[in-house]
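Shown next, in structure tokens, is the structure this report addresses.
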Amino acid sequence: MAEALRVGIAGLGTVGASVARVIASKGVELTRQCGRDIVVTAVSARDRARDRGVDLSGAAWFADPVELAAKADIDVFVELIGGDEGPSRASVKAALEAGRHVVTANKALLAKHGVSLAEIAERKGVLLNYEAAVAGGIPVIKTMREALAGNTVSRVFGILNGTCNYILTRMEKEGISFDACLQDAQRLGYAEADPTFDIEGHDTAHKLSILTSLAFGTKIAADDIYLEGISNITQADIRAAAELGYRIKLLGVAQRTDSGIEQRVHPTMVPTASVIAQVHGVTNAVAIETDILGELLLSGPGAGGNATASAVVGDIADIAKSRPGFQHGPVFGRPAKELKPYKQAKMRSHEGGYFIRLTVHDRVGVFAAVAKRMADNQISLESIVQRAAEPNGEAIKTVILVTHETTEAAVRKAVDGIMKDGHLTDKPQVIRIERAD
């Protein structure tokens, strides 16, 4: 049997401790599958005395993760610290430069520095594995890097944040407000004390930028993603979507167009009959559209200690199965030096149209003014719904418009014009309707 694979783990929080427990408890199965033992021989954490439910007395302890990465007697460095700078970046770079394989769950680090780190890994002939960085336990990275060889990807989209999906699911099923759902998500540990990173779409954007690079062979461009979160979604939107045959999901979408690559993260209405509309709670799902295979949908646990640890251990096992002299594949599916500059697509017609909700004064001429703004911007309407309401004695109406295919620019210009006309009593809501077949 080959020599044991020596693993060093930096970060022993929920995921790191779970990884250590899985390696310890599943040792026999892992040895049988990999043909060699996998042993945690070094760790780095802030609190050495904390009980993590696993015996780490045989592992060397390092106060500095960078020192662990560069000097510890290990074959694989597992980075579970988090953050895109500081010790996470420094330790991963140090491990790669020292010729050690790296496994990370850090999507923020990869979104910002993935290409430069990939160049080091490929130059040193070591692996940089990151299955856990996108969609938790779902094997989407391995699928895109390995299983889809020969396929040309045209679009990749999905539900990539369990916190947002949990909130939207409960808003629909229980009829409660966004704020109440968010508080419950925080109490249950699905959302952080400061949930901005999740609910405003940044987490989804980091993950989408990695998938975009894998799908289209471009450099990672997380800063070029159109970004909109779910904090402005109301019960009025949830109910209107249901009446129209849609369900609201926060989607990350990347697709190839004639003018470049389009990347966007925003609330989206998807048909209730579509498969992705059936993905509820903290579950994630990723759909990949290709020329040979067609559409592939992967769904499963997207977050949590066990789901993330499963992906991390899978990456470690892949390294254990490799042998000296084996030529490893490129980190992002193509050699890092051959990744093309990201070319952002121009504004174009959106295949599913738009949902526009307006709260207006109930007076003569308002509806005609709204219709004129739409016509002036060449926006064709598929349906129009009006509802009367009288909060606090003020006569107002809710007007719901569903458009045919049009451009983002046209919709925004029309809505801006309606706002300037002075007919609105509240901020307008605009949500894309996405093809999700």
>> Assess, by modelled atom type and distance only, whether the side chains of Thr31 and Asp37 contain a donor and an acceptor separated by less than 3.5 Å.
In response: yes
>> So, using salt bridge (Lys or Arg N to Asp or Glu O under 4.0 Å) as the criterion, who are the partners of Lys93 when residues are at least two apart?
In response: none
>> Please enumerate all residues that pass salt bridge (Lys or Arg N to Asp or Glu O under 4.0 Å) together with Glu228, with sequence neighbours excluded.
In response: Arg412
> Would Ile159 and Leu250 count as a side chain to side chain contact (heavy atoms under 4.5 Å, CB included) if you check the C-alpha gap in whole Å, the side-chain angles of each, and the deciding distance to 0.1 Å?
Replying inline: CA-CA 6 Å; Ile159 297 168; Leu250 182 76; over 6 Å; no
> Within the side chain of Thr257, is there an N or O that forms a donor-acceptor pair under 3.5 Å with the backbone of Ala345?
Replying inline: no
>> Are more than 12 heavy atoms, taken from residues, nucleotides or ligands other than Gln235, located less than 6.0 Å from that residue's CD atom?
In response: yes
> Looking only at atom types and distance, does a side-chain atom of Thr212 sit under 3.5 Å from a main-chain N or O of Leu208, one as donor and one as acceptor?
Replying inline: yes
> Donor-acceptor pair, Arg36 side chain versus Glu3 backbone, under 3.5 Å?
Replying inline: yes
> Which pairs count as salt bridge (charged side-chain N to carboxylate O under 4.0 Å, His left out) when at least one residue sits in residues 247-258, sequence neighbours excluded?
Replying inline: Glu172-Arg247
> Checking side chain to side chain contact (heavy atoms under 4.5 Å, CB included) for the pair Leu424/Asp426: CA distance, chi angles, key distance, verdict?
Replying inline: CA-CA 6 Å; Leu424 299 182; Asp426 202 356; over 6 Å; no
> Does a donor on one side chain and an acceptor on the other come within less than 3.5 Å for Asn151 and Thr290?
Replying inline: yes
> Distance-only, no hydrogens or angles: does the Arg334 side chain make a donor-acceptor pair with backbone N or O of Leu214 under 3.5 Å?
Replying inline: yes
> Among all residues two or more places apart in sequence or in another chain, which pass the ring-ring contact (aromatic ring centres under 6.0 Å, His included) test with Phe62?
Replying inline: none
> Between the main-chain N or O of Arg21 and the side-chain N or O of Ser25, is there a donor-acceptor pair closer than 3.5 Å?
Replying inline: yes
> Does some side-chain heavy atom of Leu188 sit less than 4.5 Å from a side-chain heavy atom of Tyr166?
Replying inline: yes
> Restricting to pairs with a member in residues 296-305, which pass salt bridge (charged side-chain N to carboxylate O under 4.0 Å, His left out), not counting sequence neighbours?
Replying inline: none
> Quick one: does Asn165's side chain have a donor or acceptor within less than 3.5 Å of a partner on Gly281's backbone?
Replying inline: yes
>> I'd like to know whether CG of Asp223 has more than 12 heavy-atom contacts from other residues, nucleotides or ligands below 6.0 angstrom.
In response: no
> Is a side-chain N or O of Ser116 found less than 3.5 angstrom from the main chain of His113, in a donor-acceptor match?
Replying inline: yes
>> Per the salt bridge (charged side-chain N to carboxylate O under 4.0 Å, His left out) rule, what does the pair list look like for residues 130-145, sequence neighbours excluded?
In response: Lys142-Asp318
> Donor-acceptor pair, Gln186 side chain versus Glu192 backbone, under 3.5 Å?
Replying inline: yes
Return a table of donor-acceptor pairs under 3.5 angstrom between the side chains of residues 302-314 and protein atoms on other chains or two or more places apart.
from: Asn306; atom 1: OD1; to: Ser18; atom 2: OG; distance (Å): 3.4
from: Thr308; atom 1: OG1; to: Gly304; atom 2: O; distance (Å): 2.9

>> Among residues at least two apart in sequence or on other chains, which ones pass salt bridge (Lys or Arg N to Asp or Glu O under 4.0 Å) with Arg357?
In response: Asp237
>> Run Arg264 and Glu408 through salt bridge (charged side-chain N to carboxylate O under 4.0 Å, His left out) and show every step you take.
In response: CA-CA 12 Å; Arg264 45 191 168 86; Glu408 179 89 13; over 6 Å; no
> So, for Ala277 and Val270, which heavy atoms are closest and what is the spacing to 0.1 Å?
Replying inline: CB-CG2, 3.8 Å
>> Before you tell me yes or no, could you show the steps for Arg432 and His266 under side chain to side chain contact (heavy atoms under 4.5 Å, CB included), namely the whole-Å CA-CA distance, both residues' side-chain angles and the distance that decides it to 0.1 Å?
In response: CA-CA 8 Å; Arg432 288 178 183 243; His266 51 76; 3.1 Å; yes
> Tell me, do Glu289 and Phe157 make a side-chain contact under 4.5 Å, heavy atoms counted?
Replying inline: yes
> Rounded to the nearest 0.5 Å, how far does CG of Asp47 lie from CG of Leu12?
Replying inline: 10.0 Å
> Ala185 and Ile167: which non-hydrogen atoms are nearest, and at how many Å?
Replying inline: CB-CG1, 4.5 Å
>> Going by ring-ring contact (aromatic ring centres under 6.0 Å, His included), name the residues that satisfy it together with Tyr130, two or more places apart in sequence or in a different chain.
In response: Phe332
> If you measure from the Lys or Arg side-chain nitrogens to the Asp or Glu carboxylate oxygens, is any gap between Asp184 and Arg187 under 4.0 Å?
Replying inline: yes
> Would a 4.5 Å heavy-atom cut-off, applied to side chains only, mark Ser91 and Ile81 as touching?
Replying inline: yes
> Between Tyr354 and His404, is the ring centre distance below 6.0 Å?
Replying inline: no
>> Distance alone, cut at 3.5 Å: any donor-acceptor contact between the side chains of Gln429 and Asn232?
In response: yes
> Do Tyr246 side-chain atoms and Thr272 backbone N/O form a donor-acceptor pair below 3.5 Å?
Replying inline: no
> Heavy-atom distance under 4.5 Å between the side chains of Leu96 and Lys124, does that happen here?
Replying inline: no
>> Pairing donors with acceptors under 3.5 angstrom, does anything connect the side chains of Ser209 and Gln263?
In response: no
> Do the non-hydrogen side-chain atoms of Ser299 and Thr283 ever get within less than 4.5 Å of each other?
Replying inline: yes
> Where the side chain of Arg100 meets the backbone of Ile74, is there a donor-acceptor pair that is under 3.5 Å apart?
Replying inline: yes
Donor-acceptor list for residues 101-111 side chains, cut-off 3.5 Å, not counting sequence neighbours:
from: His101; atom 1: ND1; to: Leu127; atom 2: N; distance (Å): 2.9
from: Thr104; atom 1: OG1; to: Glu79; atom 2: O; distance (Å): 3.4
from: Thr104; atom 1: OG1; to: Glu79; atom 2: OE1; distance (Å): 2.6
from: Thr104; atom 1: OG1; to: Asn106; atom 2: N; distance (Å): 3.0
from: Asn106; atom 1: OD1; to: Ala108; atom 2: N; distance (Å): 3.3
from: Asn106; atom 1: OD1; to: Leu109; atom 2: N; distance (Å): 2.9
from: Asn106; atom 1: ND2; to: Glu79; atom 2: OE1; distance (Å): 3.4
from: Asn106; atom 1: ND2; to: Gly83; atom 2: O; distance (Å): 2.7
from: Lys107; atom 1: NZ; to: Asp203; atom 2: OD1; distance (Å): 3.2

> Which pairs count as salt bridge (charged side-chain N to carboxylate O under 4.0 Å, His left out) when at least one residue sits in residues 52-72, sequence neighbours excluded?
Replying inline: none
> In terms of the angle between their ring planes, are Phe197 and His206 parallel, tilted or perpendicular, with boundaries placed at 30° and 60°?
Replying inline: tilted
> Under the salt bridge (Lys or Arg N to Asp or Glu O under 4.0 Å) test, which residues partner Glu338, sequence neighbours left out?
Replying inline: none
> Does a sphere of radius 6.0 Å around NZ in Lys321 hold more than 12 heavy atoms from other residues, nucleotides or ligands, not counting ones at 6.0 Å or beyond?
Replying inline: yes
> Between Asp73 and Arg6, does at least one N-O distance fall below 4.0 Å, as a salt bridge requires?
Replying inline: yes
>> Can you tell me how far apart CD1 (Ile356) and CG (Leu401) are? Round to the nearest 0.5 Å.
In response: 5.5 Å
> When rounded to the nearest 0.5 angstrom, what distance separates OG1 in Thr403 from CD1 in Ile433?
Replying inline: 6.5 Å
>> Under the criterion side chain to side chain contact (heavy atoms under 4.5 Å, CB included), I'd like the reasoning laid out for Ile9 against Phe77: C-alpha separation, chi angles, the key distance, then a yes or no.
In response: CA-CA 6 Å; Ile9 303 175; Phe77 175 70; over 6 Å; no
> Any side-chain heavy atom of Leu297 sitting closer than 4.5 Å to one from Val286?
Replying inline: no
